[in-house]
Amino acid sequence: MKREWLINSRKSQGLKQVQVASRAFIDRAYYSQIETGKRNPSFNVAINIAAALNFDPIIFFRNNLSKNTLQNEFMRYEIVEHFKRLDNGKILYLYNSLDDYYHHVITFLISGIEKNSYCLIIDNYQNYNKIQQNLETILSKSELINSVCFINKADLDQHGPKEIIDKLSVIQSEFENAKTVRIWLSEKKYCQDDWLHLVENPLKKNGTNNMLLIRAYKASMISADLHIEMMKTYPYLMTDSEIVGSPFYHASI
């Protein structure tokens, strides 16, 4: 069924299909089929279209999803909104679903690039290849090359923070003009001796004062006691479906 409400929303703002499609990072033909009702957008695409036309993306799904599913998708939308608002800070992400993991790292990167952030992905090659395949359908090659840098987690584990610091010195010119730097860091085990200040220092020397970090762990690998201990050092706690303020966070720690 044709989505008259979507057509009217676009026309009321004086926009053509190609303009909305461009802002939503999809091609015009795909967007046209969404308007005519021939295709349904993924939640990620719905978010981008809604941002382009300034409406709640949940509208796309109200008639097709169960109440519980709709609530889960809304919570995922709230995660995207957090990514758009935050310019600095640290988020502890405990994930269960690898699909949700991929979804969140991609939206984390896309929302950062929209804010002129330089983005670092510290992960294994298998995850990065999956992430890169998705990014290539959304970003141009120049955007991907100029805004996103991958660091192999195996190199970091072998050489320590020096691997990141050396990498930052090489790509210094790329993030000098960025308003913020975003880092997505995948971890296998918790390390109490935090080395992030070693990364922050070279960034601050280059005038980059804002760093937003997500540190991701497989939830099943973290005990309840360790979970509570970790929440003391992170102002935000993230799961596959939401971001909340950490009730145990102490800024002085």
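Position 1 is the first residue of the sequence, and the numbers go up from there.
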From [X] atom [atom1] to [Y] atom [atom2], the distance as rounded to the nearest 0.5 Å:
X	Y	atom1	atom2	value
Gln17	Arg28	CD	CZ	5.0 Å
Leu212	His82	CG	NE2	11.0 Å
Ser111	His104	OG	NE2	12.0 Å

Quick one: does any side-chain atom of [X] pair with a main-chain N or O of [Y] as donor and acceptor, under 3.5 Å?
X	Y	answer
Ser22	Gln19	no
Gln13	Arg10	no
Asp123	Tyr128	no
Ser147	Leu144	no
Lys90	Ile214	no
Thr180	Met211	no
Thr233	Glu229	no
Thr239	Ser241	yes
Asp100	Asp240	no
Ser12	Asn8	yes

Around atom CD of Gln126, are there more than 12 heavy atoms from other residues, nucleotides or ligands closer than 6.0 Å?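 Count not over threshold, so no.
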Are there more than 12 heavy atoms of other residues, nucleotides or ligands under 6.0 Å from atom NZ of Lys130?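 12 or below, so no.
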Is the shortest heavy-atom distance from the side chain of Phe25 to the side chain of Ile49 under 4.5 Å?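 SC-SC contact between Phe25 and Ile49 ruled out.
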A side-chain contact here means heavy atoms from C-beta on lying under 4.5 Å apart; do Val18 and Asp27 qualify?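 The answer is no; the side chains never approach within 4.5 Å.
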Side-chain heavy atoms nearer than 4.5 Å, only ILVMFWY residues, links allowed to pass through others: does that put [X] and [Y] together?
X	Y	result
Met230	Phe248	yes
Val45	Trp5	yes
Ile91	Met221	no

Taking the six-membered ring of Tyr30, is the NZ or CZ of Arg39 close enough (under 6.0 Å from the centre) and on axis enough (within 45°)?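 Yes, cation above the ring, under 6.0 Å and within 45°.
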Cation over ring face, Arg182 and Tyr118, 6.0 Å, 45°: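 Here Arg182 fails the 6.0 Å and 45° test against Tyr118.
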Check the pair Glu187 / Arg215 against salt bridge (charged side-chain N to carboxylate O under 4.0 Å, His left out), numbers first and verdict last. CA-CA 7 Å; Glu187 296 275 34; Arg215 205 165 191 172; 2.8 Å; yes
Of Leu120, Ile122, Ile183, Ile121, which is the lone residue that meets side chain to side chain contact (heavy atoms under 4.5 Å, CB included) with Cys149?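 Per the side chain to side chain contact (heavy atoms under 4.5 Å, CB included) rule, the option paired with Cys149 is Leu120, out of Leu120, Ile122, Ile183, Ile121.
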ring-ring contact (aromatic ring centres under 6.0 Å, His included) assessment of Phe150 paired with Trp184: CA-CA 10 Å; Phe150 168 67; Trp184 182 283; over 10 Å; no
